[in-house]
Each structure stands twice: as structure tokens, then as C-alpha cells.
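Okay, so here's the structure we're looking at.
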Amino acid sequence: MLFKFPTLLSFILASLTLVNAGPISHSVIEANTAKGLRLLSLAEGAEPVWKTEAEVFDLLRAGKKFFDVTEVYELEQAGSSQRSANLATAAIAYPTPSHQTELRPILASVSTSNMQSYLSSLTAFNNRYYKASTGASASNWILNTVNSIASTYGRSDVTAKLFTHSYVQSSIIAKIPGTNPSAEVVILGAHMDSINLSNPTSGRAPGADDDGTGSVNLIEGFRALLAAGFRPTNPVEFHWYAAEEVGLLGSQAIATNYKNAGVKVRAFMQLDMSGYFKPGTTEVMALQADYINTDLNNFLKNLITTYSRIPWAMDKACGYACSDHASWYKAGFPSSFPYEAVTGNDNPSIHSSSDTTSVSGFSWSHSLEFAKIGVAFAYELAI
């Protein structure tokens, strides 16, 4: 997850390299990209700016949130005139949770030990940085694990594939088909990359909580649904995103692709960090208050009240580009983001070699509740 606290305005003003107003040409994008520059959107409505990789790292260390739009800028420009009504903020009628009888045994099967095993494999990589060979290997490990699960339960109809990018790490998309293939898609996402901000390119970054927990929540939720013979009406997809830590690259590429392809999305939920709450504080699921669809947030409140042992609480504003849900919101889709704790009670050890399960405050029983809500989200919205 990207840092959530603000930086000094003077730092930002001093570091900006402004581009000319108006659309940026393809030739300029090609030339600057060849020089190793990245095009960043630092605030809503502001012109994007070009940054060196070193400047990108400085922004990350300063806690500045941004979209790296280098690879989607032209796609967003091309698709802007073709976009349908913006569902990110539209009023949408979501159902009241009504499948308790069917869901309770599935939720009871969600396994902490399975998640521990998955996370042990993910944290064994030196890091899951998007330019590192270990980042690519982690993507392939998730793909192979998900395909193995589908094979175990005899689901030849379920597909899992890499979504490749210009860098070595790929995102992963697993699809459970719906009996109505034209129905709106229900999507659950997490980012699978990790970063050590002291040494981004090669430093040790186990990323146990950020976002190993969200990643294994999705793997186990996927397994539990297939084990139960889940055959939804609406298609359901599980996404693991590359390169979230450096500007939401993977999720932007996929959300922009879906928007321009005319894919209809009923709801998106991000799981980015679910394994920690500050010792001595009340255990909650913190719902982000901005860059989300209000009706979908209200559905989540009902879902958590119905299916989780811990309550929901509203968080303060997550801020611009704080996690992958913002990519879907920007593309015009209804999004939501339940977080491990109210900001300030969340994990202080992320983006370092200390992001492990041994951190005081890490709780598998806490993370388990997020995996269960992921299962309930898919079931209630797609069955």
C-alpha cells in the first residue's frame, strides 16, 4: 500500500517538473520513457509531471501518493470520449445479504493454515519488486498456485492467466465464469508486489502484510469457493496486481483495458493489508471514505455485520491514489476498500525488511475475517 500521510507543499513544489498544458504527444512519451522518465499524476485535476526514477523514490519515501500514468496516458485519452455513465459515484441498488444458509459452511472452511502456507511461499522471495526477477517469479508462483487449485477441484471452466506489462512482473487474473456470461463482473483485487524503500530495487521486502495478507486472502477465498462448487450467475474475477507500490501501474493497466473494452463491472473490492491492528486498540474493518462508491460501502457494512465477528468502522479519507481501488474508481467503476485498521492503528513496519508476521500486532485471526468477507462479497453479488 502507498503511504497515507501528506507531505510538505514546499517539497512538492520544489520537485515538480511541469509538462506543457494539453495532451502529451506519443513522440514525447516515447522519448521521455526512453530516457527512463516516468509520467506521474500527483493530484486530481492537475497536469501530470515527468520524474526520474530517483525522484519517484524520493516521492515514495516522502509519503506522496500518485498514479504513474506513463503507460495508460494515451489509452485514457483515447477512451475518454467513449466512456459510459460513471458508476464510480452513481446510485446503485445492491442487495441485502440473504444467503446465510449457503454461505456459513463455506466461510467455516476458510483456512488460516492455508493462508499461512501461501504467505510463507510469498515472503520467501527476497522481494516482489516489479522490476526484479523475484517479482516475476512471485507472479508465476501465484499463477501456478491458482491453476493448481482449479485443477484440484476439477474446474476446467475456470481460467487463470498472466496480464503482462512492459516490466518483468505480471499481474494475474483468475476468472470463474457466470451462467450469464453477459452479466456484470464482480472483481476482488489485491497487489502482489512489495518494496523496501531504503533499497527499492534489491532490498529485502518480505511484504507479509503489504500486501501478502490481501494476496493470500484472495487465494484462499478462491479455493474455498471452488471447493464448495461455486457456479455464480455473474462472472467473478480475482486479480493480483503488479507494481502497486510505484504508482498503481498494474491495476491502472487492467482497469483502463476493461473500461475501453466495454467490460461491465458490478462491484470491485480491494484487499490491501488485512493482518494487523495496533495492540490495545479495538479490532475493526476500516472502510475507506473516499474514491469509493457510497452504495457499495453501505453494502459492505451490511456484509460485515452479517458475516464477520468484528465490526466495521469508517476510516478517514484514504487520499489520492492510495491503493488499487483508486484505479477502478478513476476508470469509472464502483469500488470499495476495507482496510485492516483505522489509519494510525495500521502496520508501521511496511515497506521495510521488518514487514513480517512476527511484528507485534499481526493477527491471523484478524486477517481471516477479511478472507471471509471476500468470499461473502463474491457470493452475495454474483450468485
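Numbers for residues simply follow the sequence, beginning at 1.
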Report the C-alpha distance between Arg309 and Glu369 in whole Å, list the side-chain angles of each, state the deciding distance to 0.1 Å, and finish with yes or no for salt bridge (Lys or Arg N to Asp or Glu O under 4.0 Å). CA-CA 7 Å; Arg309 67 171 179 80; Glu369 296 303 305; 3.6 Å; yes
Closer than 4.0 angstrom, basic N to acidic O: yes or no for Arg38 and Glu71? yes
Can you tell me if Asn293 uses its side chain to pair, donor with acceptor, with the backbone of Ala88 under 3.5 Å? yes
Side-chain heavy atoms of Ser352 within contact of Leu197, under 4.5 Å: no
Is a donor from one side chain sitting under 3.5 angstrom from an acceptor on the other, for Ser365 and Ser363? yes
Note: Arg104 and Gln100 closest approach over all heavy atoms is CG-O, 2.8 Å
Let me check something: do Tyr73 and Ile254 share a hydrophobic cluster, defined by ILVMFWY side-chain heavy atoms less than 4.5 Å apart, either directly or through other members? no
Please assess Leu162 against Ile172 for the test side-chain contact (heavy atoms from CB on, under 4.5 Å), listing each intermediate value before the final yes or no. CA-CA 5 Å; Leu162 297 178; Ile172 305 102; 3.9 Å; yes
Go through it in stages, so that I can follow the logic: the residues are Tyr320 and Phe67, the test is ring-ring contact (aromatic ring centres under 6.0 Å, His included), and I'd like the CA-CA distance, side-chain angles, deciding distance and then a yes or no. CA-CA 9 Å; Tyr320 187 69; Phe67 287 105; 5.2 Å; yes
Ignoring hydrogens and angles, state whether a donor on the side chain of Tyr339 or Asp315 is under 3.5 Å from an acceptor on the partner side chain. no
Step-by-step side-chain contact (heavy atoms from CB on, under 4.5 Å) determination, Trp364 to Met115: CA-CA 9 Å; Trp364 276 113; Met115 289 193 291; 3.6 Å; yes
Quick one: closest heavy-atom pair of Ser171 and Gly250, and the distance? OG-CA, 3.9 Å
State, yes or no, whether a side-chain contact exists between Val375 and Leu107 at a heavy-atom distance under 4.5 Å. yes
If you count the non-hydrogen atoms of other residues, nucleotides and ligands that lie under 6.0 Å from NZ in Lys301, is the total more than 12? yes
Do Asn127 and Ser194 have a side chain donor and acceptor closer than 3.5 Å? no
With a 3.5 Å distance limit and no angle check, can you tell me whether Asn298 reaches the backbone of Leu296 through a side-chain donor-acceptor pair? no
For residues Leu226 and Tyr379: do they belong to one hydrophobic cluster (side chain heavy atoms under 4.5 Å, members Ile, Leu, Val, Met, Phe, Trp, Tyr)? yes
Grab the two heavy atoms, one from Val186 and one from Ala378, that are nearest each other, plus how far apart they are. CG1-CA, 4.3 Å
So if you build clusters from Ile, Leu, Val, Met, Phe, Trp, Tyr with side-chain heavy-atom gaps below 4.5 Å, do Leu188 and Phe299 land together? yes
Exercise: identify the closest heavy-atom pair between Gln270 and Ala190: OE1-N, 3.7 Å
Quick one, Val185 with Phe333, criterion side-chain contact (heavy atoms from CB on, under 4.5 Å). Give me CA distance, side-chain angles, the key distance, then yes/no. CA-CA 11 Å; Val185 183; Phe333 296 111; over 6 Å; no
Quick one: does any side-chain atom of Lys64 pair with a main-chain N or O of Leu42 as donor and acceptor, under 3.5 Å? yes
Rounded to the nearest 0.5 Å, what's the gap from NE2 on His366 to CZ on Phe277? Could you check? 6.5 Å
Quick check: do Ile29 and Trp50 have side-chain heavy atoms less than 4.5 Å from each other? yes
Do Leu303 and Ile187 share a hydrophobic cluster (ILVMFWY, side-chain heavy atoms under 4.5 Å, transitive)? no
Distance (rounded to the nearest 0.5 Å) between Gln252 CD and Glu76 CD: 6.0 Å
Rounded to the nearest 0.5 Å, how far does CZ of Arg128 lie from OG of Ser137? 12.5 Å
Hey, are Ser202 and Asn126 close enough side-chain-wise for a donor-acceptor pair under 3.5 Å? no
Before you tell me yes or no, could you show the steps for Ser215 and Tyr118 under side-chain hydrogen bond (donor to acceptor under 3.5 Å, both in side chains), namely the whole-Å CA-CA distance, both residues' side-chain angles and the distance that decides it to 0.1 Å? CA-CA 9 Å; Ser215 294; Tyr118 302 144; over 6 Å; no
Are Pro334 and Asp295 packed together at the side-chain level, in the sense that at least one heavy-atom pair is separated by less than 4.5 angstrom? no
Are Leu300 and Trp312 packed together at the side-chain level, in the sense that at least one heavy-atom pair is separated by less than 4.5 angstrom? no
When you compare the side chains of Thr233 and Asn180, does any donor N or O come within less than 3.5 Å of an acceptor on the partner? no
Find out whether Val168 and Ser133 are in side-chain contact, i.e. whether some heavy atom of one side chain is under 4.5 Å from a heavy atom of the other. no
Would you please name every residue forming a salt bridge (Lys or Arg N to Asp or Glu O under 4.0 Å) with Arg231, sequence neighbours left out? Asp157
Below 4.5 Å, heavy atoms only, C-beta onward: do Leu122 and Ile142 meet side chain to side chain? yes
In Å, rounded to the nearest 0.5 Å, how long is the span from CG of Leu39 to CD1 of Ile24? 4.5 Å
Per side chain to side chain contact (heavy atoms under 4.5 Å, CB included), Asp272 is matched among Glu340, Gln288, His325, Glu244 by Glu244
Rounded to the nearest 0.5 Å, what's the gap from CD on Glu220 to CD1 on Ile149? Could you check? 7.5 Å
Under a single-linkage definition using a 4.5 Å side-chain heavy-atom cutoff for Ile, Leu, Val, Met, Phe, Trp and Tyr, are Phe230 and Ile373 assigned to the same hydrophobic cluster? yes
Parallel, tilted or perpendicular: rings of Trp240 and Phe238 (30°, 60°): parallel
Go through the side-chain N and O atoms of Ser170 and Thr164 and say whether any donor and acceptor fall under 3.5 Å apart. no
Side chain to side chain, Ser148 and Thr152, heavy atoms closer than 4.5 Å: yes
Would you name the heavy atoms of Ser327 and Ser251 that are closest together and state the gap between them? OG-OG, 2.8 Å
Distance in Å, Leu249 CG paired with Asp324 CG, rounded so as to fall on 0.5 Å steps: 10.0 Å
Quiz question: by atom type and distance under 3.5 Å, do the side chains of Tyr94 and Arg266 form a donor-acceptor pair? no
Quiz question: by atom type and distance under 3.5 Å, do the side chains of Tyr276 and Thr213 form a donor-acceptor pair? no
One pair to check against side-chain hydrogen bond (donor to acceptor under 3.5 Å, both in side chains): Ser353 and Asn196. What are the steps and the verdict? CA-CA 7 Å; Ser353 60; Asn196 183 325; 4.7 Å; no
Considering all heavy atoms, the nearest Asn114-Ser111 contact: N-OG, 3.0 Å
Mark yes or no for whether Ser336, through its side chain, and Phe268, through its backbone, hold a donor-acceptor pair below 3.5 Å. yes
Apply side-chain contact (heavy atoms from CB on, under 4.5 Å) to the pair Asn347 and Asp355, showing each step before the final yes or no. CA-CA 8 Å; Asn347 197 329; Asp355 185 3; 4.0 Å; yes
Can you sort out the partners of Glu44 under salt bridge (Lys or Arg N to Asp or Glu O under 4.0 Å), two or more places apart, ordered by chain and number? none
Do the ring planes of Trp328 and Tyr258 sit parallel (below 30°), tilted (30 to 60°) or perpendicular (above 60°)? perpendicular
cation_pi(Lys330, Tyr291) dist<6.0 Å, angle<=45: no
Would you say Gln169 and His165 are linked by a side-chain donor-acceptor pair, where the criterion is simply a distance under 3.5 Å? no
